[in-house]
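Below you'll find the structure, written out as structure tokens, and then a few comments.
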Amino acid sequence: MTPTPEPDFPRYQADDFEGTPAGPCDLILEGGVASGAVHPYVVLELAQRHNLHSIGATSAGANAGVLAAAAEYARTVRGDPAGFVRFQEVCDARAGALGELFQEEPGFEPLMALFKGRGGLLSRALAGFRRPLLAGGLAGAVAGVVLAFAGWEWPASTAEILAAFVIVPGGAFLGALAAAGLTALRLRRRLDARLGICTGLTRYGAGETAITDWLHESIQHIAFGGAPGKVLTFGDLEGHPRRKVRLRLVASNLSQQKPHTLPETWPEEGRYRPAEWARLFPPAIMAHLKACTRDTGSGTRSLPSRADLPILVASRMSMSVPVLFEPVPVELPDVETARRVQELSGRPGAPPLPPSWLRVLFSDGGFTSNFPIHLFDAPLPAWPTYAVDFESLPTGAGGGSRVLVLDGETGVRIHDVQSAAGFVGAMLDTSRNWNDLLLSLLPIHRDRIARVHLAPGEGGLNLSMTRAEVRALMSYGLEAGRKLAQTSFPDHQVRRARSLYAGLLQVSRQARRVWTAGGLGGAFRAGQLPAQGLTARDRGRIATAIDTLSAIAGLPRASKAVVPAPEGQTRITARY
């Protein structure tokens, strides 16, 4: 059988990245486990035209995000454009051993087969459990033989022979079933203790480096070249007064059921246990953390400051795909529960109860935002934000391009659900992706998104892809980067202006109904409402600003030509 030829890729040189003729850009990278193989060449193509001002990513996208940030740090802060050449080298080198990045802890081999096996779920499960199935089946068959032939007197009767043909296979089946059940029970106990089958560190005796070790080595190599360098932190990326690289990674705080954008909402008041983190992070990271944190007793240390936080730690938190990776634990003071206990117990005026230090788990950013296109949004952007989104390949498509940049009106695809497994998958995807999906359809976003369409055997949890298959995903990224670079930013700015106009009208009409027509503005300006801490001058400034906003409502109503579809809405939401 003739092997599939690999696509041709450009061989970049350092001088390809010395100038950025199109100025800065922001970049959003979606999660998707093995789908992240698409991202490197998107980064490389855009980095020839733009400096990567801000990089936002989640889940598996965080891996490419930290490597891209390291390359931009080398170029922007250290003046070394060859960082992007090293970026290409490390990504190309690992394309042939993608599955070896994910190394399960001993005892989890049957579960890992569900991720690394080929074929459907049943065939993967049978492959993973083949050893206990064979051992249990053999033991059951032996027991069946003993039971079936015990007490026989030769020549055997026809009934005894028929019974043997039933008892022996039945014993084999029951033995295999019992062995698989016991194995599943042991796996359940191990999973309860670890909450994931991979730590991310290289397993003893493994031939290849596991993902967290590989990321650490790659970050340091890309950022600093051959020179020895300190552990790359968020403070390094943003520490220079004029030359900065913004990296924002989304992780999910499962214990408080909310997302965190790291490092912006990094809980500096928390603490970590070195004994736990040593299982998840390389020795160099642990040494750095020890040097920049303090002992807080009981086997814990304070969390590092945002500036001292290694970008690898944030990436490991964001990429913690459930079951596949152990989550990253920290300890935070639970002030709110103590306050509520006191209030609900009828002692609101009593001295506050001391907070309890509780374990908090940081896991896959894809739980809460798998496509965080909102991260660097602005009403009127000064430079483009590009994004890469993964979608399933529609039935009947194929043989041509896999990448689309949609323009004009667009709607939501309909996915046919025909099985219980498909129904469960649709429920999970809807609950975690609906907000990202609707944002991607807005005219203020959609013309900057490269939508990469993947077939069922590509990306996702297909960790056993061949080198040729991984390189095919990389070629989609090359195409996506080139298509994004060809889009018109002035056209995009005009769309943003139209949408901003529609949003201002919407907010203004809502404000006028209460502020002007309802009389709130006059009462506020006159000081007839409680406004602790506000002087008459403060009230006057606020009132003048809202009066000006309310006046916008008198402008002509936006027509279909003014508001691109689908129409958005302006609202206040919490930052995360």
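In what follows, every heavy atom counts, from backbone to side chain, and hydrogens, waters and symmetry copies are set aside.
Using modelled atom types and a 3.5 Å distance limit, the side chains of Trp515 and Asp547 yield a donor-acceptor pair. In this structure, a donor-acceptor pair under 3.5 Å is present between the side chains of Thr296 and Thr300. No donor-acceptor contact under 3.5 angstrom links the side chains of Ser550 and Arg512, judged on distance only. A side-chain donor from one of Thr487 and Arg448 sits under 3.5 Å from a side-chain acceptor of the other.
Under the 4.0 Å criterion applied to side-chain N and carboxylate O atoms, Arg339 and Glu336 are assigned as salt-bridge partners. Salt-bridge check for Arg402 with Glu479: failed, with every basic side-chain N at 4.0 Å or more from each acidic carboxylate O. The residues Glu331 and Arg359 are annotated as not salt-bridged, no charged nitrogen and carboxylate oxygen being separated by less than 4.0 angstrom. A salt bridge is defined here as a Lys NZ or Arg NE, NH1 or NH2 lying under 4.0 Å from an Asp or Glu carboxylate O, and Asp377 with Arg496 meets this definition. By the 4.0 Å N-to-carboxylate-O rule, Asp236 lies close enough to Lys230 to be salt-bridged with it.
For Thr368, the side-chain contact (heavy atoms from CB on, under 4.5 Å) criterion is met by Val250, Ser252, Pro259, not counting sequence neighbours.
Thr58 contributes a side-chain N or O that, together with a main-chain N or O of Ser369, makes up a donor-acceptor pair within less than 3.5 Å. Without hydrogens or angle criteria, Ser320 side chain to Arg316 main chain gives a donor-acceptor distance under 3.5 Å. Checked by atom type and distance alone, the side chain of Ser255 pairs as donor or acceptor with a backbone atom of Leu361 at under 3.5 Å. Not one N or O on the side chain of Arg306 forms a donor-acceptor pair closer than 3.5 Å with the backbone of Phe234. Proximity of a side-chain donor or acceptor of Trp266 to a complementary backbone N or O of Ala307 within less than 3.5 Å is not detected. Checking side-chain atoms of Lys483 against main-chain N and O of Val403 turns up a donor-acceptor pair under 3.5 Å. Under a 3.5 Å cut-off, the side chain of Arg271 and the backbone N or O of Leu303 do not form any donor-acceptor pair. Checking side-chain atoms of Asp364 against main-chain N and O of Phe367 turns up no donor-acceptor pair under 3.5 Å. Counting only distance, with no hydrogens or angles, the side chain of Arg273 and the backbone of Ser298 share a donor-acceptor pair below 3.5 Å. In this structure, Arg78 contributes its side chain and Ala223 its backbone to a donor-acceptor pair below 3.5 Å.
In plain terms, the two heavy atoms of Gly366 and Ser59 that are nearest each other are N-CB, 4.1 Å. Heavy atoms only, all atoms of each residue included: Gly61 and Ala57 are closest at O-CB, 3.3 Å. The nearest pair of heavy atoms linking Thr20 to His50 is CG2-C, 3.4 Å. Of all the heavy atoms in Ala74 and Ile222, the pair that sits closest is CB-O, 3.7 Å. Between Ser315 and Asn63, the closest heavy-atom pair is OG-OD1, 3.3 Å. Residues Leu29 and Gly65 approach most closely at CD1-N, 3.8 Å, considering heavy atoms.
Here the CG atom belonging to Leu289 is positioned 9.0 Å from the CZ atom belonging to Arg301, to the nearest 0.5 angstrom. Distance check: Leu404 CG to Arg451 CZ gives 9.0 Å after rounding to the nearest 0.5 Å. Put simply, CG on Leu247 and CG on Leu237 are 6.0 Å apart, with the number rounded to the nearest 0.5 Å. Taken to the nearest 0.5 Å, the CD atom of Gln486 stands 9.0 Å off from the CZ atom of Arg482.
Annotation: side chain of Val494 is not in contact with side chain of Phe489 (no heavy-atom distance under 4.5 Å). Val388 is not listed as a side-chain neighbour of Ile449, based on a closest heavy-atom distance of 4.5 Å or more. Looking at Glu238 and Val245, their side chains never come closer than 4.5 Å, going by heavy atoms from C-beta outward. Between Pro384 and Asp26, the closest side-chain pair of non-hydrogen atoms is not below 4.5 Å. Looking at Leu454 and Leu393, their side chains never come closer than 4.5 Å, going by heavy atoms from C-beta outward. Here the side chains of Leu254 and Phe362 are not in contact, with every heavy-atom distance at 4.5 Å or above. The side-chain heavy atoms of Phe325 and Leu280, taken from C-beta on, include no pair separated by under 4.5 Å. Put simply, the side chain of Asp389 reaches to within 4.5 Å of the side chain of Glu391, judged on heavy atoms.
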With side-chain contact (heavy atoms from CB on, under 4.5 Å) as the criterion, how do Leu332 and Leu358 come out once you've worked through the C-alpha distance, each side chain's angles and the decisive distance to 0.1 Å?
CA-CA 6 Å; Leu332 298 180; Leu358 298 179; over 6 Å; no
Apply side-chain contact (heavy atoms from CB on, under 4.5 Å) to the pair Arg446 and Arg495, showing each step before the final yes or no.
CA-CA 11 Å; Arg446 66 181 175 228; Arg495 289 190 180 93; 5.5 Å; no
Go through Glu72 and Arg75 one step at a time and tell me if the salt bridge (Lys or Arg N to Asp or Glu O under 4.0 Å) criterion holds.
CA-CA 5 Å; Glu72 190 60 66; Arg75 174 171 67 176; 2.7 Å; yes
Would you please test Asp308 and Glu268 for side-chain contact (heavy atoms from CB on, under 4.5 Å) and show each step?
CA-CA 10 Å; Asp308 289 328; Glu268 291 184 340; over 6 Å; no
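Between His53 and Trp383, the ring-plane angle classifies as tilted under the 30° and 60° cut-offs. The aromatic rings of Phe87 and Phe84 stand perpendicular to each other, their planes meeting at an angle above 60°, with 30° marking the opposite boundary.
Paired with Tyr272 under the rule ring-ring contact (aromatic ring centres under 6.0 Å, His included), one option of Trp357, Trp277, Phe281 passes, and it is Trp277.
No more than 12 heavy atoms of other residues, nucleotides or ligands lie within 6.0 Å of CD in Gln257, so this atom counts as exposed by the packing criterion.
Residues Phe390 and His39 place their aromatic rings such that the two centres sit under 6.0 Å apart.
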